[in-house]
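Please read the structure below before turning to the comments.
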Amino acid sequence: MLDIKRLRQNPEAIAEQLKRRSYDFDVESFNSLEQERKALSIRTQELQNERNTRSKSIGQAKAKGEDIQPLLAEIADLGDSLKTAEDELSVLNQTIHHLLMSIPNLLDESVPEGKSEDDNVELRQWGTIPHFDFTIKDHVDLGAADGLMDFEAGVKLTGARFVVMRSHMARMHRALIQFMLNTHSDEHGYQEVYVPYIVNADSLRGTGQLPKFEEDLFKLDSEQEYYLIPTAEVPVTNLFRDTIIKEADLPITHVCHTPCFRSEAGSYGRDTRGLIRQHQFEKVELVQIVKPEDSLQKVTELLGHAEVILQKLELPYRVVELCAGDTGFSATKTYDIEVWLPAQNTYREISSCSHFGDFQARRMMARYKNTKTNKNELVHTINGSGLAVGRTLVAILENYQQADGSIRVPDILQPYMGGLQKIG
RNA sequence: GGAAGUGUAGCAAAGUGGUAAUGCAACUGAUUGCUAAUCAGUGAUCCUGUAAAGGAUUCAGGGGUUCGAAUCCCCUCUCUUCCGCCA
């Protein structure tokens with residue numbers, strides 16, 4: 001959520017900035033809504049003040065034993081006009097709030113111009129792209145042996161975009177999760193958390209998935225308004241909703257493994273083959289709650305923590321800076337890590353590390369007590385995948401494949417797999 | 001699932017229809033001096049205002065009764081205890 005005070009002061013400048021991400025902010029209708037709200041708010045407060053004052057005097061008169069009937073008669077119609085004003089104001093406030101909740105974050109100045117992912121800017125590459133002296137297979141064919149990775153079983157149990165894994169494949173999938181969690185908590189100092197996989201609507205509003213992106217979520221048919229989480233970002237960041245954090249406790253760094261559930265509405269026909277785009281996938285997420293002045297540095301550090309995983313797995317990747325048009329709704333700046341997939345002959349996203357400024361914090365009322373100003377101020381929130389587990393598994397299968405169709409187990413993972421050196 | 005309780009500011013805790021006591025913590029200021037004490041001020045959100053200041057809202061959430069609601073009524077939620085069920 002943007003700062004409504006800044007929006008009031010200079011709506012044209014904000015509209016101009018929002019144009020970078022092709023968001024059309026209607027300054028005129030916002031101004032007229034604001035004008036109406038201001039007038040109505042003043043009128044309502046005047047009426048409330050009158051009611052309070054008069055009620056008080058009735059109380060005093062009664063205490064003295066005076067007759068209160070004439071006083072009651074004087075304010076006979078105050079109640080109705082107050083109620084009308086309050087109701088109108090409440091509707092108007094809701095309209096403005098809803099508008100505000102649907103405006104995306106302002107982009108950081110450093111974000112490059114651009115419309116789509118084609119305009120993203122490559123910052124660096126790491127590792128050597130492997131060359132094979134045999135015809136390579138993609139991860140679906142590699143996983144098909146002995147039903148290690150079984151998409152038909154996923155269809156039978158549920159439907160499209162679900163998978164069943166068996167034996168060493170399931171084990172490597174689990175090993176990746178353990179390896180990532182251990183690395184981030186032991187070497188990067190993140191505190192591990194375990195959280196619910198089902199959240200309420202308030203949490204989703206807090207991180208920005210609601211109200212705009214409900215169609216991307218799986219909603220439960222329960223009495224309460226419950227949703228399956230699309231990422232651990234939602235429960236972990238919302239730990240700090242409606243909270244005033246002690247300054248000494250910042251920065252807070254959490255690592256969390258969860259399954260993620262996404263409806264993938266609007267992605268029909270994209271990545272239909274294989275593990276790349278599933279309705280259910282595992283992810284290890286890094287979340288940081290930081291002081292505003294630290295956030296730019298911290299997001300770079302977090303990006304580095306995610307990169308370490310690929311380096312230890314010896315998987316080639318590149319880091320790109322998302323352009324204005326490709327940066328997500330809540331983010332002010334995003335770096336993607338893309339891993340090399342030989343069968344697709346391209347880099348594919350495996351982590352997205354974003355800086356949200358105070359956008360999520362304002363929605364969540366996540367604040368800290370600034371000991372210099374002695375005021376409660378909004379924190380900044382940062383998160384990134386460290387990493388998407390399914391896609392990491394795909395990258396290992398394709399990059400570590402052997403001529404006989406087996407997969408060499410990366411050195412760093414072998415201790416997590418009972419010393420196993422190859423699968424398939 | 002059944003029954004009975006419960007929810008008040010960072011924490012603790014009064015308040016049963018007249019408009020949120022008090023204690024601790026924290027912060028600010030003053031005074032006295034020795035590892036601090038005493039006194040005063042300061043809850044949160046929002047609005048008007050350059051400011052000084054003023055006002056509104058806020059007692060788990062939502063609705064209702066009333067001139068006036070933390071207090072009375074209805075619905076929902078949280079936590080606690082007991083019973084039932086259960087990995």
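Quick note: numbers below take in every heavy atom, side chains included, and nothing from hydrogens, waters or symmetry partners.
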Could you give the [atom1]-to-[atom2] distance, from [X] to [N], as a whole number of Å?
{"X": "A/Arg241", "N": "B/A60", "atom1": "CZ", "atom2": "P", "answer": "18 Å"}
{"X": "A/Arg37", "N": "B/C47", "atom1": "CZ", "atom2": "C1'", "answer": "7 Å"}
{"X": "A/Ile4", "N": "B/U48", "atom1": "CD1", "atom2": "C1'", "answer": "16 Å"}
{"X": "A/Ile96", "N": "B/C46", "atom1": "CD1", "atom2": "C1'", "answer": "13 Å"}

From C-beta outward on [X], which listed nucleotide comes closest to its side chain: [options]?
{"X": "A/Arg8", "options": "B/G55, B/C67, B/C47", "result": "B/C47"}
{"X": "A/Ser41", "options": "B/U57, B/G10, B/C47", "result": "B/C47"}
{"X": "A/Ile244", "options": "B/G10, B/A56, B/U48", "result": "B/G10"}
{"X": "A/Ser55", "options": "B/U48, B/G10, B/G18", "result": "B/G18"}
{"X": "A/Gln48", "options": "B/U45, B/C67, B/A56", "result": "B/A56"}
{"X": "A/Ile42", "options": "B/U57, B/U48, B/G18", "result": "B/U48"}

Same-atom distance ([atom1]) from [N] to [M], integer angstrom:
{"N": "B/C24", "M": "B/U42", "atom1": "C1'", "answer": "16 Å"}
{"N": "B/U66", "M": "B/U71", "atom1": "P", "answer": "15 Å"}
{"N": "B/C79", "M": "B/G18", "atom1": "C1'", "answer": "32 Å"}
{"N": "B/A26", "M": "B/U76", "atom1": "P", "answer": "43 Å"}
{"N": "B/C83", "M": "B/C27", "atom1": "C1'", "answer": "50 Å"}
{"N": "B/U58", "M": "B/A3", "atom1": "P", "answer": "32 Å"}
{"N": "B/U65", "M": "B/C82", "atom1": "C1'", "answer": "35 Å"}
{"N": "B/A9", "M": "B/U22", "atom1": "P", "answer": "16 Å"}

Side-chain N or O of A/Asn52 closer than 4.0 Å to phosphate OP1/OP2 of B/U19: no

OP1 or OP2 of B/U57 under 4.0 Å from side-chain N/O of A/Arg51: yes

Exam field: side chain A/Arg166 to backbone A/Gly147, donor-acceptor pair closer than 3.5 Å: yes

Heavy-atom donor-acceptor pair, A/Gln414 side chain to A/Val409 backbone, under 3.5 Å: yes

Nucleotide opposite [N] in a Watson-Crick or G-U pair, distances under 3.5 Å:
{"N": "B/C82", "value": "B/G2"}
{"N": "B/A14", "value": "none"}
{"N": "B/G29", "value": "B/C39"}

Aromatic centroids of A/Phe329 and A/Phe359 separated by under 6.0 Å: yes

Sugar-phosphate, base or nothing in reach of A/Lys246, heavy atoms under 4.0 Å: nothing

Sugar-phosphate, base or nothing in reach of A/Arg367, heavy atoms under 4.0 Å: sugar-phosphate

Side-chain donor/acceptor of A/Lys56 to base of B/G18, under 3.5 Å: no

A/Arg8 atom CZ, over 12 foreign heavy atoms within 6.0 Å: yes

Side chains of A/Ser330 and A/Asn105, donor plus acceptor under 3.5 Å: no

Nearest-nucleotide comparison on RNA chain B, the residue closer to the 5′ end among A/Lys62 and A/Ile58: A/Lys62

Plane angle bin for A/His188 and A/His184 - parallel if under 30°, tilted between 30 and 60°, otherwise perpendicular: tilted

